[in-house]
Amino acid sequence: MEIPGYLPREQLQALLERLQQQGYRCVGPRVREGAMVYDDINHADQLAVGYTQTQEPGHYRLKAGSTVRQFAWANGPQALKPLTFAPREELWCAQEQPDGSLKFHPAATDYEPVAVIGVRACDLAALRLQEQHFLDSCADPQFAVRRRSLFLIAVNCTHPAQTCFCASTGDGPEVDQDCDLSLYETDEGFFVSAVSPAGQQLALTLPLEHGDAELFKQACAEVTRAGEAQVRRVPAKNLRDSLFAQLDHPRWKEVAERCLSCGNCTQVCPTCFCHSETSVPSVDGHQTTHQRQWDSCFSPGHSYIHGITLRKETEQRYRQWLTHKFGSWHDQYGRSGCVGCGRCISWCPVGIDPTEELDVICTDVTGRPE
Ligand code: SF4
Ligand code: SF4
């Protein structure tokens with residue numbers, strides 16, 4: 001086995017400097033309002049240090065000072081999604097001309113390059129799903145430019161949350177592809193593997209030391225244990241037929257008695273791509289800006305067509321979310337729409353857990369979960 005080069009923790013600043021020299025705005029994990037979020041970092045000292053976390057249904061708490069590491073947490077409420085699919089943005093604007101005609105202008109797409117440090121395997125898998133939607137299906141220019149502008153430094157996950165189930169979806173916790181650099185964290189530093197040609201170029205400029213084989217073996221074993229420690233799971237098979245055979249299951253009504261239709265689950269989900277579009281006229285009435293913003297299958301407007309809201313009841317909305325995510329997503333994109341990050345479980349205010357709902361709804365005639 002080839003042992004990757006080793007970057008001592010005090011040299012992390014060298015990595016940031018190389019990225020900044022190449023014109024990247026650097027983004028990494030920082031603590032904001034009690035949560036780990038991606039935010040701008042100008043110096044390695046600004047990266048969060050020493051945090052672990054507890055996540056359970058409807059519960060997320062950071063704990064400071066319990067480790068010397070910088071990436072000993074699984075994930076926060078954000079994924080990469082806001083960096084490629086903006087929560088709100090302009091798509092185009094139309095201006096009235098002196099002769100009364102309209103001139104249309106597409107929104108600018110000259111985004112700055114962004115380097116993200118601390119990306120997780122589940123979020124890379126989610127990014128691949130978003131690429132299928134925004135690039136392969138829609139050819140979305142905003143998404144395309146932002147995706148091309150990203151340099152991704154992934155960190156293999158060693159501290160899964162109680163809510164994680166990426167091992168059962170096949171999306172983590174080990175990073176294997178679709179990033180530029182992949183790091184294994186140890187107490188003193190990082191093993192650095194180059195994944196893309198851009199990552200190889202950057203790695204050549206880093207002050208890497210010779211990696212210790214035994215230490216690397218331990219680092220890999222930590223990631224394997226992180227997968228084995230996950231307590232939640234979803235069935236590995238395509239659940240489309242099982243779910244569509246259960247559209248009248250009484251559980252939909254039961255879950256709707258708890259569900260608030262708040263849409264938190266869809267906002268934190270790294271794969272959800274639903275959005276609404278609005279035209280905003282200028283005060284003088286001579287210009288209209290066309291905007292797109294994140295929407296949710298839990299919002300009343302999401303199923304409003306020709307004066308009718310098709311999914312009036314929460315029961316219908318929850319069923320839409322689960323049957324699309326784990327069922328009809330297979331028809332659209334060849335796999336499920338869930339990468340097992342567990343965010344929808346932690347950030348649901350009433351702790352609804354799709355792994356539990358699937359276990360109940362997709363139980364076969366013998367009574368065993370499929
Ligand atoms: S459905 Fe839940 S666990 Fe799956 S990717 Fe979305 S937020 Fe993560
Ligand atoms: S499942 Fe939870 S997060 Fe999602 S809409 Fe219902 S209450 Fe909100």
Side-chain angles (χ1 to χ4, degrees), residues 35 55-60 74-82 85 119-133 157 160-173 230-236 239 243 251-274 294-303 311-330 332-333 335-362:
Q55 295 193 51
E56 292 163 19
H59 174 97
Y60 173 95
N75 56 49
Q78 273 178 326
L80 292 171
K81 185 165 88 171
F85 170 33
V119 183
R120 301 308 194 180
C122 56
D123 288 339
L124 290 174
L127 182 62
R128 285 196 290 278
L129 283 172
Q130 292 249 311
E131 285 169 354
Q132 279 184 288
H133 176 72
C157 205
Q162 285 282 317
T163 42
C164 293
F165 56 99
C166 64
S168 72
T169 63
D171 297 306
Q230 293 181 9
V231 293
R232 284 181 163 75
R233 65 170 186 85
V234 288
L239 295 174
L243 281 165
R251 185 72 174 194
W252 302 117
K253 203 173 277 304
E254 288 167 30
V255 76
E257 284 167 10
R258 296 167 61 209
C259 175
L260 308 170
S261 249
C262 66
N264 263 19
C265 47
T266 57
Q267 301 302 290
V268 294
C269 179
T271 69
C272 280
F273 50 71
C274 286
W294 291 1
D295 199 355
S296 165
C297 47
F298 286 92
S299 74
H302 187 267
S303 64
R311 288 187 286 275
K312 286 194 177 68
E313 306 298 330
T314 298
E315 174 187 349
Q316 298 162 322
R317 295 180 196 165
Y318 190 82
R319 188 176 66 187
Q320 163 66 23
W321 144 254
L322 210 70
T323 53
H324 182 219
K325 190 68 72 181
F326 293 90
S328 49
W329 204 295
H330 285 271
Q332 286 177 286
Y333 304 109
R335 58 155 292 171
S336 115
C338 176
V339 297
C341 71
R343 289 183 175 95
C344 57
I345 305 172
S346 305
W347 296 93
C348 171
V350 294
I352 293 172
D353 174 352
T355 67
E356 192 185 323
E357 300 311 316
L358 288 171
D359 262 357
V360 175
I361 292 163
C362 297

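Counting starts at 1 for both ligands and their atoms, following the listed order.
Between E131 and R128, none of the side-chain N atoms (NZ, or NE/NH1/NH2) sits under 4.0 Å from a carboxylate O, so this pair counts as no salt bridge.
Residue-ligand proximity, N264 to ligand 2, at heavy-atom distances under 4.0 Å covers atoms 3 (S). For ligand 1 and F165, the ligand atoms under 4.0 Å from any heavy atom of the residue are 3 (S).
Across all their heavy atoms, W321 and C272 have their closest contact at CZ3-SG, 3.6 Å. Shortest non-hydrogen contact noted between C344 and C265 is CB-CB, 3.7 Å.
Given atom 2 (Fe) of ligand 2, the protein heavy atom at minimum distance is C348 SG, 2.3 Å. Atom 7 (S) of ligand 2 has its closest protein heavy atom at L260 N, 3.2 Å. Regarding atom 8 (Fe) of ligand 1, its nearest protein heavy-atom neighbour is C341 SG, 2.3 Å. Nearest protein heavy-atom contact of atom 3 (S) of ligand 1 is G342 N, 3.1 Å. Atom 5 (S) of ligand 1 has its closest protein heavy atom at V339 N, 3.4 Å. Protein heavy atom in closest approach to atom 4 (Fe) of ligand 2: C265 SG, 2.3 Å. For atom 6 (Fe) of ligand 2, the nearest protein heavy atom (residue, atom name, distance) is C259 SG, 2.3 Å. Among all non-hydrogen protein atoms, the one lying nearest atom 1 (S) of ligand 1 is W321 CH2, 3.7 Å.
Panel note: side chain K312, backbone P300; no donor-acceptor pair is recorded below 3.5 Å.
Proximity of S261 to ligand 2, defined as any heavy-atom pair under 4.0 Å, is confined to the backbone N, CA, C and O atoms.
Distances from atom 2 (Fe) of ligand 1 show that C344 has an N/O/S atom below 2.8 Å. In summary, C262 places no N/O/S atom under 2.8 Å from atom 2 (Fe) of ligand 2, failing the contact criterion.
Between the side chains of K81 and T271, no donor-acceptor pair is found at a separation under 3.5 Å.
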Set out, in order, the CA-CA distance, both residues' side-chain angles and the distance that settles side-chain contact (heavy atoms from CB on, under 4.5 Å) for T355 and R233, then state yes or no.
CA-CA 6 Å; T355 67; R233 65 170 186 85; over 6 Å; no
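Using a 30° and 60° split on the angle between ring planes, H133 and Y333 fall in the perpendicular class, above 60°. Using the six-membered ring where Trp is involved, H324 and F273 have ring planes that are perpendicular, over 60° apart on the 30 and 60° scheme.
Applying the side chain to side chain contact (heavy atoms under 4.5 Å, CB included) test between P270 and each of V339, L127, L129 identifies V339 as the sole match.
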